[in-house]
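Worksheet: one structure, shown below.
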Protein chains: 4
Amino acid sequence: MKTKKKQTRRRSKQAHEAIIAATLELIEEKGYLRLSIEGIATRAGVGKQTIYRWWPSKAALIIEAYSQKVTSNFQSPDNGSLQLDLEELLITIFARIRIPPSSKVMTGLIAEAQTAPEVAEQFYTGFIKKRREMVFGLIQKGIDRGEVHRDTDMDIAADTLFGPMWYRLLLGHGPLDQKFAKKLVQQVLAGLSTRRKETLQGGGDSFSIQDSLSV
Amino acid sequence: MKTKKKQTRRRSKQAHEAIIAATLELIEEKGYLRLSIEGIATRAGVGKQTIYRWWPSKAALIIEAYSQKVTSNFQSPDNGSLQLDLEELLITIFARIRIPPSSKVMTGLIAEAQTAPEVAEQFYTGFIKKRREMVFGLIQKGIDRGEVHRDTDMDIAADTLFGPMWYRLLLGHGPLDQKFAKKLVQQVLAGLSTRRKETLQGGGDSFSIQDSLSV
Amino acid sequence: MKTKKKQTRRRSKQAHEAIIAATLELIEEKGYLRLSIEGIATRAGVGKQTIYRWWPSKAALIIEAYSQKVTSNFQSPDNGSLQLDLEELLITIFARIRIPPSSKVMTGLIAEAQTAPEVAEQFYTGFIKKRREMVFGLIQKGIDRGEVHRDTDMDIAADTLFGPMWYRLLLGHGPLDQKFAKKLVQQVLAGLSTRRKETLQGGGDSFSIQDSLSV
Amino acid sequence: MKTKKKQTRRRSKQAHEAIIAATLELIEEKGYLRLSIEGIATRAGVGKQTIYRWWPSKAALIIEAYSQKVTSNFQSPDNGSLQLDLEELLITIFARIRIPPSSKVMTGLIAEAQTAPEVAEQFYTGFIKKRREMVFGLIQKGIDRGEVHRDTDMDIAADTLFGPMWYRLLLGHGPLDQKFAKKLVQQVLAGLSTRRKETLQGGGDSFSIQDSLSV
DNA sequence: TGATAAACGAGACGGTACGTCCCGTCTTGGA
DNA sequence: TCCAAGACGGGACGTACCGTCTCGTTTATCA
């Protein structure tokens with residue numbers, strides 16, 4: 001089964017690049033919310049239709065523009081120790097993400113993702129998935145080395161490593177610096193408890209939940 | 001200190017309530033981003049000016065509308081065990097926050113908070129602060145009971161408990177159910193590592209950071 | 001029965017006038033076809049919505065703008081003779097209508113009238129009706145004076161006086177000057193025939209019509 | 001005078017016909033103003049460039065499409081009487097022109113003719129000239145037979161016969177039926193006046209003209 | 001118990017941006 | 001070599017809301 005090629009003019013590389021460039025420029029100048037397709041088209045010297053032809057939404061355009069930066073050389077660390085690997089990973093990611101325009105882009109995208117499922121998906125595959133898989137790989141190596149409990153829930157582990165990052169990024173109640181990265185890794189690895197893991201297993205179910213419709 | 005009353009018509013309670021009600025209705029129907037002041041005014045049978053007179057922004061209006069729900073009775077748990085207390089706390093909070101309109105409201109507010117500092121502040125004091133302080137209190141009791149290391153960084157502890165919640169709420173890659181709450185608490189308390197806390201302290205600084213301008 | 005007055009802000013006289021003025025300016029500069037609502041709004045210093053709020057179409061706006069000029073003092077002539085009256089009337093109308101922007105406006109409106117019935121109606125009542133009725137009045141006076149046959153079809157009389165005007169205006173195959181006005185009136189009054197009216201009555205029906213779907 | 005054919009234009013005939021056909025279809029469906037080159041190209045299964053290659057404008061395309069219909073056999077009547085000849089001519093022309101799509105085409109072309117001189121010329125030679133010359137011929141025969149005054153202004157005569165047709169076609173204030181054709185011819189031939197032609201000649205110039213810039 | 005001034009509903013206003021349509025030109029690749 | 005397909009820069013469309021600004025009309029003190 002062969003797919004027949006259409007005979008038509010192809011997408012213009014120049015226009016494409018000009019649009020991406022204009023998007024990056026304008027997002028730094030204006031922020032996510034005040035970024036307009038009209039503005040991008042003008043800055044790029046391009047018709048609006050050329051943008052609408054290739055990107056279904058403002059979000060999709062921004063995701064592509066930022067993906068280019070993100071995809072840039074970024075390798076999984078390998079220091080022979082989970083603690084060191086995670087520290088390096090978080091320090092690197094924090095350094096990249098805390099730079100001004102990023103946070104606004106991220107929150108803008110996240111906000112749009114709430115009402116637009118396709119944005120959510122693109123955002124997840126573009127910005128979230130790879131990092132989580134990197135962490136999964138590092139933890140697996142830790143398990144293989146005997147550093148980590150075999151029954152560790154990797155999803156939750158990834159949540160406790162990245163969740164605080166987004167939490168601080170969005171709420172701004174604490175910095176995303178090296179010190180935080182190291183302390184976070186240590187506390188995630190060691191846990192809060194003075195007792196051994198075994199003594200904590202199977203917490204009871206015997207309490208009533210205060211429930212309501214509110215937040 | 002009291003403000004002297006002039007001789008004039010007071011704020012209309014009816015209009016106020018109609019606006020709050022319309023806001024809650026419309027946010028469930030349309031989501032944060034597609035919510036418009038114009039729409040609220042029409043639904044509430046109110047002039048736009050009446051809204052602008054009393055609320056400086058869409059965000060402020062929503063925060064007030066939601067605060068009513070949130071302020072509802074919510075007490076710090078006390079089961080005599082940090083694990084049980086945290087489990088109860090998270091289960092309750094998760095149950096409240098995972099209900100549909102909430103997530104959209106929260107992310108919308110968070111997004112606006114990125115560009116509007118006053119929104120950030122109101123959001124922090126209205127939705128974030130109390131919960132964190134509750135966690136601080138519970139951990140302090142844990143320390144007093146000897147369940148928790150004395151040198152625990154409470155900020156980071158709160159981050160690892162609430163960060164994953166926001167992370168999952170916003171990205172939707174996992175549920176916010178009871179099971180998650182329990183496992184999260186256990187893993188935060190026990191840590192990932194098979195080794196004792198003492199053997200992990202003071203991770204080295206001897207690696208180069210992959211840094212760049214990108215996310 | 002009383003009509004209750006609505007309690008709301010009234011139409012802005014300033015905006016209204018600025019729009020009319022801008023329309024007249026731009027139609028002279030650009031012509032009917034290249035006239036845009038956007039352009040009018042910009043020139044008038046007005047939001048587009050303000051135009052759309054009050055006029056259903058470009059045509060309606062133009063009709064109003066031109067009606068002001070047309071409605072300006074224009075009286076039925078009265079020289080005691082049908083020939084003189086008609087000559088005066090046509091000379092005056094020709095003089096007004098042959099000035100450059102007018103012809104373009106008229107043909108633009110006529111073109112739009114073909115697809116938009118409401119434009120047709122407005123155009124008829126705004127530009128056509130009064131002139132026809134003026135002619136009817138003059139002819140009636142002619143009949144009363146005994147200058148004109150009693151059984152004259154006034155509609156056709158008006159058509160033979162104004163039809164040539166539009167025909168020449170639109171096709172441009174001849175001028176709309178005083179000379180034309182006089183000759184036209186004379187020929188319409190005297191007829192082409194050398195014979196008396198009575199000898200022409202009741203032309204036969206006995207010929208086949210070349211018919212087809214084409215023009 | 002024949003133009004020598006250069007190298008092959010194989011599929012051009014097919015494309016050409018498809019374009020003409022699509023144009024005729026679409027003009028009936030949408031009318032002149034809402035007819036777009038893009039729409040014609042799509043309907044004809046043809047590239048837009050193929051249209052632009054052969055026709056300088058939408059108007060030229062439509063004129064060609066309609067000329068085919070118009071060129072169809074159409075002879076000058078010859079009944080031995082000017083009255084009968086003119087009646088036949090007008091009845092035939094009215095029948096052809098009053099059919100729905102025609103009027104829209106005509107007015108569209110006329111409107112464009114106002115701003116595009118080449119359209120005006122093509123329209124005149126394609127649709128106007130022949131009919132006028134036909135009338136000139138008939139009147140000349142009438143003069144030769146002694147039916148018509150020797151000093152008749154033929155241009156004005158043609159204007160009084162065709163002007164009313166366009167006037168009614170465009171404004172729609174009256175029908176273009178047989179009855180109108182006959183009455184029009186009679187009135188044009190006999191004139192309105194009860195007096196002989198000789199008594200009307202040389203109307204005075206002694207009245208002031210109400211003049212202004214308006215229509 | 002009026003008067004009176006702010007608050008009210010209604011919605012017009014100057015704007016910005018939306019997403020769509022079509023213009024006339026330009027580019028590509030298959031027939 | 002011709003030409004369908006359609007991408008391109010551009011202009012305008014008509015709509016949705018923004019936040020500000022009049023309009024009369026309530027309506028709740030306080031003089």
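Each chain gets a letter, A, B and so on, in the order its sequence line appears, and its residues count up from 1. What you are looking at is a predicted structure, and each value in this text was computed from that prediction instead of being measured.
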A:Arg9 has a side chain; which of E:dC8, E:dG14, F:dA5 sits nearest to it? F:dA5
Take atom NE2 of A:His16 and atom P of F:dC8, then tell me their distance rounded to the nearest Å. 10 Å
Output the rounded distance in Å from CD1 (B:Ile51) to P (E:dG11). 15 Å
Taking CG from B:Leu33 and P from F:dC17, how many angstroms apart are they, rounded to a whole number? 13 Å
Residue set satisfying ring-ring contact (aromatic ring centres under 6.0 Å, His included) with D:Tyr32, at least two apart, ordered chain then number -> none
Tell me the salt bridge (charged side-chain N to carboxylate O under 4.0 Å, His left out) pairs involving residues 18-27 of chain A, sequence neighbours left out? A:Glu25-A:Arg43
Measuring centre to centre across the rings, with the benzene-like ring taken for any Trp, is B:Trp54 within less than 6.0 Å of B:His16? no
Name each donor-acceptor pair under 3.5 Å that joins a side chain in residues 116-124 of chain C to protein atoms two or more places apart or in another chain, with its distance.
none

A:Gln14 CD to E:dT27 P, in whole Å, measures 10 Å
Nucleotide nearest A:Ser12 (side chain, heavy atoms from C-beta), chosen from F:dC3, E:dG14, F:dC8: F:dC8
Over how many whole Å does the gap from B:Lys13 atom NZ to E:dA7 atom P extend? 18 Å
Rounded to the Å, how far apart are B:Leu26 CG and F:dC17 P? 11 Å
For nucleotides 16-21 of chain E, read 5' to 3', which letter fits each nucleotide if B means a protein heavy atom sits under 4.0 Å from the base, S means only the sugar-phosphate is that close, and - means neither? -BBBBB
Any idea which of F:dA4, E:dG14, F:dG9 is nearest the D:Ala15 side chain? F:dA4
Report, as yes or no, whether the 6.0 Å neighbourhood of atom CZ on D:Arg34 holds more than 12 heavy atoms from other residues, nucleotides or ligands. no
Applying side chain to side chain donor-acceptor pair (under 3.5 Å), can you list everything that pairs with C:Gln49, at least two apart in sequence or on another chain? none
Return no unless some side-chain N or O of C:Arg53 is found under 4.0 Å from OP1 or OP2 of E:dC13. yes
Between CD1 of D:Ile40 and P of E:dC23 the distance, given in whole Å, is 8 Å
With sequence neighbours excluded, residues passing side chain to side chain donor-acceptor pair (under 3.5 Å) with D:Lys48: D:Glu38
Are B:Trp54 and E:dC8 close enough that a side-chain N or O sits under 4.0 Å from OP1 or OP2? yes
Of B:Gly45 and C:Gly45, the one whose closest DNA chain E nucleotide lies more 5': B:Gly45
